[in-house]
Amino acid sequence: MPELPEVETYRRYVEQHAFRQKISRVTVQDLRILSGIKPLHLTRALKGGIFTTTVRHGKHLFVRCSRGAWLHLHFGMSGDLCYYDSSEEPPRFARVTIHFSRGTALAYDDMRLFGRVGLSENPAKTIHERGLGFDPLDPALGKRRFLTILKPRRGAVKALLMRQDLVAGLGNLYVDEILFQSGIHPRKPMQTMGDSQLEKIFRSMKRVLRATIDRKQRGLRHPSRFLIPHREEGACCPRCDGSIERIVVAGRTTYFCGTHQK
DNA sequence: TTCCATGTTCCGCA
DNA sequence: TTGCGGAACATGGA
């Protein structure tokens, strides 16, 4: 599930549930989920502390521990967080579990193991090292800067919007959604795009992400006017009388409306 | 049994 | 240098 709106939801989930309680124990159920650290490093960095701050950048989540280090989470294709009572059954694919002295626990659950759990000295440093671009919801990313980043590039607009070094946080689902709402074909070459079309993408991007985060927060699904609930070949377009087509762009399954996306 | 999957990275080729 | 296609990673669900 995890693209930017999902990771933002996890960030709020951590603040809501896992703050203000002492970390009593850390369990690593599967070593393959760790990035560049050993279980002992993780335990040393967290045990005895409390979580105090969160930072999200794109699809990356950082959680500061009062002992100084930041827990760094990336969710891959199937990562998830689950806060539960230790007396209950842990999630099926729990890979790392952080236990609190109150008798509760936060599990990092990831069926497919594409995600990673690590430590960071500080988020800014890690963001720089990973070469991540602006977060789409960063107020510093205005439309002028957005145009400056994308305009000189060549290639299909969808491929460029998915690049984490240009803008960090968009993935397959939400890029399709943004282009659907902008009325732009996912294969359209950047070189053929005018300023007004890029501005349209910029506005759709902020609107789609904000609306999705807000609805997730309230436990609601995607609006039926979104493409996301209609990701099926031959489905009726919820915006015009066209039908949804399925193609491959940048190696990823892509859904779009052949009628209103040009 | 086969195909597919909301992510990332690496490799070879143009 | 840049962009692209394909493969790999690991696993379960349809």
Side-chain angles (χ1 to χ4, degrees), chain A residues 1-11 13 28-36 56-61 72-82 91-96 107-118 126-127 129-133 135-136 149-181 186-193 205 208-209 211-213 215-216 221-223 226-235 244-256:
Chain A
M1 265 217 264
E3 292 182 41
L4 188 152
E6 289 76 26
V7 178
E8 175 61 20
T9 304
Y10 298 152
R11 188 189 70 75
Y13 185 81
V28 177
Q29 286 92 339
D30 195 315
L31 291 171
R32 293 173 295 177
I33 207 71
L34 298 181
S35 71
R56 181 194 57 71
H57 188 100
K59 303 173 191 174
H60 295 256
L61 178 60
H72 176 199
L73 305 175
H74 190 275
F75 296 90
M77 293 271 270
S78 54
D80 197 3
L81 288 178
C82 178
R92 186 167 164 204
F93 303 107
R95 309 299 188 184
V96 173
Y108 175 92
D109 180 274
D110 186 2
M111 178 180 86
R112 247 176 283 173
L113 286 165
F114 285 176
R116 286 295 176 265
V117 174
T126 301
I127 290 161
E129 284 168 356
R130 307 271 303 218
L132 297 176
D135 185 275
I149 292 165
L150 288 169
K151 204 113 192 270
R153 305 285 167 179
R154 291 178 301 142
V157 60
K158 170 162 179 173
L160 294 168
L161 289 172
M162 297 227 303
R163 279 179 50 174
Q164 303 299 300
D165 60 333
L166 300 181
V167 168
L170 306 179
N172 199 30
L173 245 62
Y174 289 100
V175 166
D176 279 4
E177 186 65 51
I178 290 160
L179 293 173
F180 173 81
Q181 295 196 20
R187 282 207 182 112
K188 187 170 171 63
M190 183 56 67
Q191 290 156 294
T192 69
M193 299 245 285
M205 174 179 80
V208 164
L209 297 175
T212 302
I213 291 165
R215 293 183 72 100
K216 282 180 179 293
R221 296 182 188 178
H222 293 283
F226 272 34
L227 168 67
I228 287 174
H230 308 277
R231 289 176 70 84
E232 192 184 350
E233 192 158 27
I244 302 305
E245 298 178 26
R246 179 190 197 269
I247 57 175
V248 173
V249 182
R252 310 302 303 275
T253 301
T254 300
Y255 294 90
F256 73 107

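- Across A:R95 and A:M111, no two heavy atoms sit closer than the pair NH2-O, 2.8 Å.
- Remark: the A:R112 side chain and the B:dA5 base include a donor-acceptor N/O pair separated by less than 3.5 Å.
- When rounded to the nearest whole Å, the span between CG of A:D110 and C1' of B:dT6 equals 12 Å.
- Within the shown strands, nothing qualifies as a pairing partner of B:dT6 under the Watson-Crick or G-U definition with both distances less than 3.5 Å.
- Using a 4.0 Å cut-off between a side-chain N of Lys or Arg and a carboxylate O of Asp or Glu, A:D176 and A:R252 do not qualify as a salt bridge.
- Nearest to the side-chain atoms of A:M77 among the listed nucleotides B:dT6, C:dG13, B:dT8 stands B:dT6.
- The side chain of A:H74 contributes no N or O atom lying less than 4.0 Å from OP1 or OP2 of B:dG7.
- Counting to the nearest Å, the P atom of B:dG7 and the NE2 atom of A:H72 are 16 Å from each other.
- Between A:K59 and B:dT6 there is no side-chain N or O to OP1 or OP2 distance below 4.0 Å.
- When the P atom of C:dT2 is taken as reference, atom CG of A:D165 falls 10 Å away, rounded to whole Å.
- For the pair A:Y10 OH and B:dT6 P, the interatomic distance rounds to 15 Å; values are reported in whole Å.
- Put simply, CZ on A:R163 and CZ on A:R153 are 5.0 Å apart, with the number rounded to the nearest 0.5 Å.
- Between B:dT6 and C:dC4, the distance separating the two C1' atoms is 22 Å to the nearest Å.
- Taking the side chain of A:R154 as heavy atoms from C-beta on, and the options B:dA5, B:dG7, C:dT2, the nearest nucleotide is C:dT2.
- Both stacking criteria are satisfied for A:F114 over the base of C:dC9: a centre-to-centre distance under 5.5 angstrom and an angle between ring planes under 30 degrees.
- Across all strands, A:R116 comes closer than 4.0 Å to no nucleic acid atom at all (heavy-atom distances).
- Whole-Å rounding puts the A:M190 CE to C:dG3 P distance at 10 Å.
- For A:R92, the side-chain atoms get nearest to C:dG13 when compared with the rest of C:dT11, C:dG13, C:dG3.
- A:G171 comes within 4.0 angstrom of sugar-phosphate atoms only, judged by non-hydrogen atoms across all strands, and of no base.
- Nearest-nucleotide positions on DNA chain B for A:M111 and A:H60 put A:M111 closer to the 5' end.
- In this structure, A:F226 places its CZ atom 15 Å from C1' of B:dT6, rounding to the nearest Å.
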Intermediate values then yes/no, side chain to side chain contact (heavy atoms under 4.5 Å, CB included), A:F75 and A:L81: CA-CA 9 Å; A:F75 296 90; A:L81 288 178; 3.8 Å; yes

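- B:dG7 atom C1' lies 16 Å from atom CG of A:L161, rounded to whole Å.
- Across all strands shown, A:F93 has heavy atoms under 4.0 Å from sugar-phosphate atoms exclusively, and none from any base.
- Each of C:dA10, C:dC4, B:dT8 was ranked by its minimum atom distance to the side chain of A:L113; first place goes to C:dA10.
- For the pair A:R32 and C:dT11, the criterion of a side-chain N or O lying under 4.0 Å from OP1 or OP2 is met.
- Contact check, A:R231 against B:dC4: no side-chain N or O comes under 4.0 Å of OP1 or OP2.
- Note: CZ (A:R153) to C1' (C:dT1) measures 11 Å, nearest angstrom.
- When all heavy atoms are compared, the tightest approach of A:P5 to A:L209 is CG-CD2, 3.8 Å.
- Put simply, the side chain of A:Y108 reaches to within 4.5 Å of the side chain of A:I33, judged on heavy atoms.
- Checking the phosphate oxygens (OP1, OP2) of B:dG7, no side-chain nitrogen or oxygen of A:S78 falls inside 4.0 Å.
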